[in-house]
Number of protein chains: 2
Amino acid sequence: MSNPDPPTDSSNFALGQLRALLDQSSSEGEQRLPPERELAARIGIGRRALRRALEVLEAEGRIWRHQGKGTFLGPRPAQTPTNLEELAKRTHPLEVMDVRLEIEPALARLAAMRATNGDIERLLHLAEKTASSSDADGRELWDSALHRTIAEAAGNSLLLAIFDMIDRIRQDATWRLLRERARSGERQQIYVEQHRRVIAAIAQREAHAAEQAMREHLEFVREGLLKVMTRPLPDHVDGHLPEALVTHSKDRIRHGT
Amino acid sequence: MSNPDPPTDSSNFALGQLRALLDQSSSEGEQRLPPERELAARIGIGRRALRRALEVLEAEGRIWRHQGKGTFLGPRPAQTPTNLEELAKRTHPLEVMDVRLEIEPALARLAAMRATNGDIERLLHLAEKTASSSDADGRELWDSALHRTIAEAAGNSLLLAIFDMIDRIRQDATWRLLRERARSGERQQIYVEQHRRVIAAIAQREAHAAEQAMREHLEFVREGLLKVMTRPLPDHVDGHLPEALVTHSKDRIRHGT
DNA sequence: ACCCGAACCAATTTGCAACTGGTCCAGCGA
DNA sequence: TCGCTGGACCAGTTGCAAATTGGTTCGGGT
């Protein structure tokens, strides 16, 4: 394989000059390098030669550049989509389940240790409601409220914010139908029983039992999700997929470096 | 207790006019009301009287207002806790450490299972850099890059986003000084050694060891944080708090939207 | 070949103007 | 005295144009 833009005499000279400048700048606390045009003029070479040298330094991880921003020292800072919609585009149900399996057992454990009596009262109340609701929308609502109350009872506002973030992604319209199919029939009854066990453990302040019960519940949920996603479509379902399920896969973007 | 700004004749007249306008607007699908100045002129009263009427409607939940934006129909939209600034105000370093203790061991475990060889290469490279950097800012940068690379290697974009969220809160200017004090001296060397152990476990694909090593590292970090926050200031430190801890909290305005 | 200068493209930042709600004040009138 | 108005000013938001910067292409010179 051939390098489309190999180092040259002028670039190598620039490399030396730049390394010196980098050392000087970092010792002065400077985070930003001058613009390319200025740098090229200062060193006395053309911009193209300078850019070849900068590419080397960037590959080494000593600098990072971005169009319109500038050239900076150190490793490239992390870019995070704080936007929920963007985030929802880059993830998928199984990823979300993996995250829930990490977060919610911990929330249940913390809730067992730190829930107020008022929290526990609300949880017991919710457990009844969940069991008695009949329609799918109602189940969704009570289920969501139950999990969120546990997250509140854990008494960590940051974890609660994280839970909310995950929950919002879960609420995505595209995924609702999926969950509805996954919890139909006798599975719903098992859900109710598992919820009861989690709440009982929290009420009795058994942290480990609460964590374990929540983990088992979520693993059961994940299993149901897998079954629904892998089984063939039943006959009465229309042949073509909804557009939302088809188009979303192509605008997936890279997030590594 | 007395209302500082009770309704008056003019305001009561405006209230009736406004309720009519609200009904009309909502039926037309209009979400936004005209600016106060225009509204006052149209109804034929002063702005002060109009604002009293608007306050009533706002208290009733029929409208909501925001400086610079305007006046809108319906209930005030839920303020998203995804806002990093607001989130940073509602949490504190110990909460963040609790969350890191839940998330990052899981990330290390996943990384041990799913890291590519390229990931491991980068981790080894970063470990050297962290050990060799001398100044505090440099340590912060490389340390942050190390933890993030582990998060990337875990191969779950949602968990990565959560990690980034926590990391940004950690980067808050107010807390930097705290961490700097907590890692000075021989603790830094222990950090380096613990990092090495985590990376070694990941490189050897020992999931449980990686999780445990990361947990131990973070518990050590938390312990250092506690020590710094509870111990009295040493003699050579000036009596008054550094300005960064006092002033920075109020002039935090825009980072991005 | 190699390099330079110039020009252009694209992403970002910055500064400014306009607009909006929030607040205060002097003055008018019942 | 009290309520109200109009005006002025402050503060937060939005939109836009200009300036800045890295990314790219092209022609000409050495």
Side-chain angles (χ1 to χ4, degrees), chain A residues 2-15 17-18 21 25 30-59 62-73 76-77 79 81 253 257, chain B residues 2-15 17-18 21 30-59 62-73 76-77 79-80 83 85-86 250-257:
Chain A
S2 65
N3 192 329
D5 209 355
T8 61
D9 289 353
S10 180
S11 301
N12 279 327
F13 170 71
L15 253 179
Q17 300 277 312
L18 281 175
L21 179 62
S25 296
E30 271 300 318
Q31 288 297 315
R32 179 178 193 162
L33 260 62
E36 290 184 358
R37 291 165 175 82
E38 184 181 325
L39 261 184
R42 191 191 297 184
I43 298 183
I45 57 172
R47 234 181 116 210
R48 185 176 175 81
L50 172 72
R51 283 180 54 73
R52 264 199 291 270
L54 289 175
E55 279 164 21
V56 175
L57 294 174
E58 187 175 25
R62 302 197 46 164
I63 62 168
W64 63 277
R65 304 177 286 174
H66 194 309
Q67 191 178 64
K69 281 186 175 176
T71 307
F72 303 85
L73 279 80
R76 181 183 301 273
Q79 52 174 355
I253 316 173
T257 43
Chain B
S2 64
N3 191 329
D5 209 356
T8 61
D9 291 352
S10 178
S11 300
N12 278 329
F13 169 72
L15 251 180
Q17 300 277 316
L18 280 176
L21 178 63
E30 270 301 318
Q31 286 299 313
R32 179 178 194 162
L33 262 62
E36 289 185 357
R37 290 164 176 82
E38 183 182 329
L39 218 46
R42 190 192 300 184
I43 299 181
I45 58 172
R47 232 181 119 207
R48 185 177 175 82
L50 172 72
R51 284 180 53 73
R52 263 200 291 271
L54 289 175
E55 279 164 21
V56 175
L57 294 174
E58 187 174 26
R62 303 196 44 164
I63 62 168
W64 63 277
R65 304 179 285 175
H66 192 354
Q67 191 178 52
K69 281 186 177 175
T71 306
F72 302 86
L73 290 160
R76 181 182 302 273
Q79 52 178 356
T80 52
N83 186 340
E85 315 275 335
E86 288 302 317
K250 66 185 171 197
D251 49 21
R252 191 159 316 138
I253 307 178
R254 51 154 170 259
H255 278 173
T257 46

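Atoms considered below: every heavy atom in the structure, side chains included; atoms not considered: hydrogens, waters and symmetry mates. Letters go in sequence order (proteins before strands), and every chain restarts at 1.
Put simply, CG on L33(B) is 16 Å from C1' on dC19(C), counting in whole angstrom units. Atom C1' of nucleotide dA6(C) and atom CD of E36(A) are separated by 15 Å, given to the nearest angstrom. Between the P atom of dG5(C) and the CG atom of L50(A) lies a distance of 12 Å, rounded to the nearest Å. Rounded to whole Å, atom C1' of dG22(C) lies 12 Å from atom CD of E58(B). In this structure, R76(A) places its CZ atom 13 Å from P of dG22(D), rounding to the nearest Å. Taking atom CD on E38(A) and atom P on dT20(D), their separation rounds to 12 Å, with Å as the unit. Atom pair R32(A):CZ and dT21(D):C1' shows a separation of 8 Å (rounding to whole Å applied). For R52(B) and dT5(D), the CZ to C1' distance is 11 Å, given to the nearest whole Å.
Contact check for L21(A) versus L39(A): side-chain heavy atoms found under the 4.5 Å cut-off. Looking at heavy atoms from C-beta onward, E55(B) lies in side-chain contact with R65(B) at the 4.5 angstrom threshold. Between K69(B) and R32(B) there is no side-chain heavy-atom pair separated by less than 4.5 Å. Taking the side chain as every heavy atom from C-beta outward, R51(B) and E58(B) never approach each other to under 4.5 Å.
Listed nucleotides dT14(D), dA11(C), dT24(D) differ in distance to R51(A); the shortest reach to its side chain belongs to dT24(D). Candidate nucleotides dG22(C), dT20(C), dT21(D) were compared by shortest atom distance to the side chain of P35(A), and dT21(D) ranks first. When the nucleotides dT5(D), dT14(D), dT12(C) are ranked by their closest atom to the side chain of K69(A), dT12(C) comes out on top. Comparing dT5(D), dC4(C), dG23(D) by their nearest atom to the side chain of R47(A) picks out dG23(D).
Taking only distance into account, the side chain of R37(A) meets the base of dG22(D) through a donor-acceptor pair shorter than 3.5 Å.
Using a 4.0 Å cut-off, no side-chain N or O of R48(B) falls inside it from OP1 or OP2 of dG3(D). Put simply, T71(A) has no side-chain N or O that comes within less than 4.0 Å of OP1 or OP2 on dT21(D). Contact check, R65(A) against dG23(D): a side-chain N or O comes under 4.0 Å of OP1 or OP2.
Closest-nucleotide positions on DNA chain D for G44(B) and H66(B) were compared, and the one nearer the 5' end corresponds to G44(B).
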Could you walk me through whether I43(A) and L18(A) satisfy the side-chain contact (heavy atoms from CB on, under 4.5 Å) test, starting with their C-alpha distance in whole Å, then the side-chain angles of each, then the deciding distance to 0.1 Å, before giving a yes or no? CA-CA 9 Å; I43(A) 298 183; L18(A) 281 175; 4.1 Å; yes
